[in-house]
There are 2 protein chains.
Amino acid sequence: MRTITLKMLAAELRLSPGTVSKALKGSHEISEATREKVMDMARRLDYVPNPYASSLRRRTSKTIGVVLPAMADSFFSMTIEGIEAVAGDKGYHVLIYLSHESYYKEAAIVKDFQSGRVDGVLISLSGETWNTDHLHTLTDKNIPVVYFDRVCEENDVARIATDDMEAGFAAASHLLEAGCKRLLFLSPSDNLAIIKRRLAGCRKAAPGIASLLCIGDLHQQHLRIREALAMPDRPDGIIASVESLGYATYQACTSLGLEIPSDVKVVAFSNMPTASLLHPSLTTVEQPAFEIGKTAATVLFKGIEKGYNHLSEESRMIPSVLVPRGSTAKA
Amino acid sequence: MRTITLKMLAAELRLSPGTVSKALKGSHEISEATREKVMDMARRLDYVPNPYASSLRRRTSKTIGVVLPAMADSFFSMTIEGIEAVAGDKGYHVLIYLSHESYYKEAAIVKDFQSGRVDGVLISLSGETWNTDHLHTLTDKNIPVVYFDRVCEENDVARIATDDMEAGFAAASHLLEAGCKRLLFLSPSDNLAIIKRRLAGCRKAAPGIASLLCIGDLHQQHLRIREALAMPDRPDGIIASVESLGYATYQACTSLGLEIPSDVKVVAFSNMPTASLLHPSLTTVEQPAFEIGKTAATVLFKGIEKGYNHLSEESRMIPSVLVPRGSTAKA
DNA sequence: CTGAAAGCGCTTACAG
DNA sequence: CTGAAAGCGCTTACAG
C-alpha cells in the first residue's frame with residue numbers, strides 16, 4: 001500500500017501543501033469550507049502525517065524518554081502507568097530505557113538524548129550513579145529533566161519523591177515499638193541519595209542501627225542477608241530499603257528456619273500487591289507509585305511547554321505510608 | 001548550547017557534508033585518513049546526529065512499538081525486560097503504549113503506527129479485542145507485527161506464546177489429582193484466544209469445569225469470585241487464568257473464611273515473584289516471560305531486517321511450567 | 001576518494 | 001484566505 005503524503009493529499013484537492021497543512025492543524029487563517037474539504041479528503045485517503053518530517057521541521061519530537069533501573073519491579077511498573085497516562089493525554093509518546101543499575105549504560109542512554117530524540121526526560125537513577133554530569137548536558141541543551149524516586153542530591157533540579165527521611169524514621173520507630181533491639185538496614189547501593197536518606201531517617205529513631213550493603217541479584221542478596229542472620233548477635237529487626245531485599249529477607253529467614261515475626265521482624269519499602277497475602281503478611285512502606293509517575297510527568301510537561309525555567313520549584317515530596325502487618329507483630 | 005549539525009562539522013573540517021556523512025557511517029569509499037579526521041572532530045565537537053533527519057531520509061526509524069494491556073503485571077513487565085534487552089543490542093528504541101484492555105485505545109495506538117513512527121510492532125492484545133483488522137493495515141504497509149502471549153487466532157501471523165491448551169490441561173489435571181470435584185475456571189475476557197485455549201485445555205481434563213467471567217479491577221474481580229464461593233455447591237478447585245485473578249481469589253477466600261487448600265485449592269497462571277512466600281504458597285503455571293519477550297523481539301527484528309516475509313513461520317510455542325505448591329496440597 | 005545536488009515530508013515566514 | 005519558496009538535518013545516487 002502506497003503511503004499517502006501531504007503533497008499527494010494537496011494534489012488531490014488542488015490546493016497547495018501549505019494550505020492543507022494549515023487546514024489540518026485547524027489554523028484560523030483557513031476558511032471553514034476549505035478546512036472541511038481537507039479533513040474529508042484526509043479521512044477518505046486515510047492520511048497519516050509523517051511524525052519525523054514534522055519533528056525535523058518543528059524541532060520538537062512529541063516524545064519523552066524514561067530511564068529506569070529496572071522494569072520488573074512493582075514500584076517502577078506502576079510508575080510507568082502514571083507516566084503513560086499523562087503522556088497519552090498530552091499526545092506524547094514514551095520511549096523506555098533500562099539502565100540495569102549501570103552508570104555506564106545510563107550515561108550512554110542519556111547521551112543519545114542530546115540528539116533531540118526526546119523533548120524531555122524522566123529518570124530514576126541507577127544504583128551505581130555517583131554523579132549527574134551526564135544529565136547536566138541535557139539541561140545545557142534545554143531539554144528538561146525531572147528526577148523521580150531515585151533522585152539526585154542537587155537542589156536546583158526538579159525532584160519528585162517521597163519523604164524518605166521521614167519514612168525511614170517511621171520504619172525504624174515502628175520496629176523499636178514492636179520491641180526490636182538490634183536493627184539492621186539493608187541497602188542496595190552506596191550511591192543513591194534516597195537510600196542514604198532512608199538510613200538517616202532510621203538513625204534518627206535508632207542511632208545504633210547497622211547497615212548492610214546487598215548488591216547483585218536476588219540470590220546474592222539472599223546469601224548476604226543469610227550471613228548476617230546467622231551471626232551470633234543477629235539482628236531482630238530488619239528494614240529492607242527496596243522491594244527485592246524484602247523478598248530476599250523472607251527467603252533467608254525460611255532457609256535458616258527463623259520465624260517472622262517472633263525471631264526477626266521485617267519492614268520493607270515495597271509496593272508489591274501481595275504484601276498482605278504473604279506468610280506472614282509483610283509490613284510495608286508504600287509509595288504512591290502511580291501518583292509519583294503522574295506528578296513527574298506533569299511537571300515535565302510544564303517544563304516542556306513553558307520552556308524549562310525554574311523547574312526545581314516544581315519539586316514535590318509525596319507522602320508514603322507505613323502499613324503495619326504481621327511481619328512486625330509484637331510477641 | 002548550540003546544537004552542532006553535520007553541516008557545521010563538515011565546515012569545520014573543510015569537507016562536504018556528504019563525505020562527512022559517509023565517513024561517520026564507516027563507508028569504505030572514504031580514505032582511512034579522512035575517516036579518522038572526521039571521527040576525531042565529531043568527538044571533539046560532541047556531534048550527535050539528529051535521528052529524525054536520518055529517519056526521514058532513510059525511511060526507517062530504528063524504533064519499535066510495544067502495545068500492552070497493562071504494565072503493572074509481573075508477566076508483562078518481565079516481558080518488556082526481554083524486549084528491551086534485544087532492542088538495545090540492535091540499537092533500536094522502544095516506544096511503549098498501554099491499551100488498558102480497551103479495543104478502542106488499542107486501535108488508536110495501532111493507527112498511529114501507520115505514520116511510519118515505528119519499524120515494527122510487538123503486541124499483546126487487549127481483553128476487549130475481538131478482531132485484528134487494525135493490525136492488518138500495518139501488514140499492508142509492510143510494517144511487521146509479532147503477537148506475543150495474548151495472540152490472535154490467525155495462522156498466517158507471527159505468534160510467540162506458551163502452549164496454553166497444554167497448560168490448561170496440566171492445571172486442571174493437577175487439581176483433579178489433588179482431589180477436587182468441582183472446578184471453576186476464572187476468565188478475564190470473553191475474547192482472548194489464549195484464555196479460550198486455556199479453558200479448552202482444562203475441559204480436556206475436566207469436561208464438567210465451570211467458567212466465570214470476571215472483568216473490572218481487582219476489587220470487582222474479588223466480589224465476583226466471592227459470590228461464586230458463597231454458593232451452596234461452591235467449587236473446591238479454582239483455576240485463575242491470569243495473575244490478578246489469583247490475588248482476587250486469595251482475597252475472596254480470606255473474606256469468606258475459607259481455608260486454602262483444605263476448603264478450596266487454587267492454581268494461578270502467574271509470574272509473581274512472591275508465589276512461594278504467600279500464605280499458603282501458591283501453585284502457579286509460570287510462563288517464561290523474559291524469554292517470550294526476547295523471542296518476540298528477535299523474530300520481529302528478523303522481519304524488519306529481511307523485509308517481512310513468512311514471519312508466521314517464525315511462530316514459537318514456548319513451554320510453561322506448573323509449579324505445585326501449598327495451595328493445591330492434598331488433604 | 002570527494003563533492004554537488006536532490007530530496008525525504010513536513011511547516012512557516014512572507015507575499016499577494 | 002491561499003500559495004510559492006525556503007529549509008529542518010540528514011543520505012545517496014551520480015559525476016568527476
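Each chain gets a letter, A, B and so on, in the order the sequences are listed, and its residues count up from 1.
The existence of a salt bridge linking A/Arg43 and A/Asp40 is confirmed by a sub-4.0 Å separation between a basic side-chain nitrogen and an acidic carboxylate oxygen. A salt bridge links B/Lys90 to B/Glu305: at least one charged side-chain nitrogen sits closer than 4.0 Å to a carboxylate oxygen. A salt bridge does not link A/Glu291 to A/Lys294: none of the charged side-chain nitrogens sits closer than 4.0 Å to a carboxylate oxygen.
At a non-hydrogen distance threshold of 4.0 Å, B/Asn50, B/Ala53, B/Ser54, B/Arg57, B/Arg58 from residues 50-58 of chain B come into contact with DNA chain D. Residues of residues 26-37 of chain A that place a heavy atom closer than 4.0 Å to DNA chain D, in numerical order, are A/His28, A/Glu29, A/Ile30, A/Ser31, A/Thr34.
Contact annotation: B/Thr19 reaches the phosphate of C/dG3 (side-chain N/O to OP1 or OP2, under 4.0 Å). An OP1 or OP2 oxygen of C/dT2 is reached within less than 4.0 angstrom by no side-chain nitrogen or oxygen of B/Ser16. The phosphate of D/dT11 has OP1 or OP2 within less than 4.0 Å of a side-chain N or O from B/Lys25.
Side-chain N/O atoms of A/Ser126 and A/Glu101 include no donor and acceptor closer than 3.5 Å. Of the N and O atoms on the side chains of B/Asn191 and B/Glu128, not one donor lies less than 3.5 Å from an acceptor on the other residue. No donor-acceptor contact under 3.5 angstrom links the side chains of B/Thr298 and B/Thr295, judged on distance only. Side-chain contact, B/Gln114 with B/Thr137: a donor N or O sits under 3.5 Å from an acceptor N or O. Side-chain atoms of B/Ser31 and B/Thr34 include a donor-acceptor pair closer than 3.5 Å.
Taking for each of A/Pro49 and B/Pro17 the nucleotide of DNA chain C with the nearest heavy atom, the 5'-most of the two is the partner of B/Pro17.
Here A/Lys22 lies in heavy-atom contact (under 4.0 Å) with a base.
Taking the six-membered ring for Trp and the full ring otherwise, the centers of B/Tyr97 and B/Phe113 sit less than 6.0 Å from each other.
Between the C1' atom of C/dG7 and the CG atom of A/Leu6 lies a distance of 16 Å, rounded to the nearest Å. Atom CG in B/Leu13 sits roughly 14 Å away from atom C1' in C/dG3 (whole-Å rounding). If you take CG of B/Leu24 and P of C/dT2, they are 13 Å apart, rounded to a whole angstrom. The distance from atom OH of B/Tyr47 to atom P of D/dT11 is 6 Å, rounded to the nearest whole Å.
Using modelled atom types, one side-chain atom of A/Asp119 and one backbone atom of A/Lys62 make a donor-acceptor pair closer than 3.5 Å. Using a distance-only test at 3.5 Å, with no hydrogens or angles considered, a donor-acceptor pair links the side chain of B/Arg150 to the main chain of B/Leu125.
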Per-nucleotide pairing state of DNA chain D [Watson-Crick or G-U, under 3.5 Å; [ ] pseudoknot-crossing; | other strand] = |||.||||||||.|||
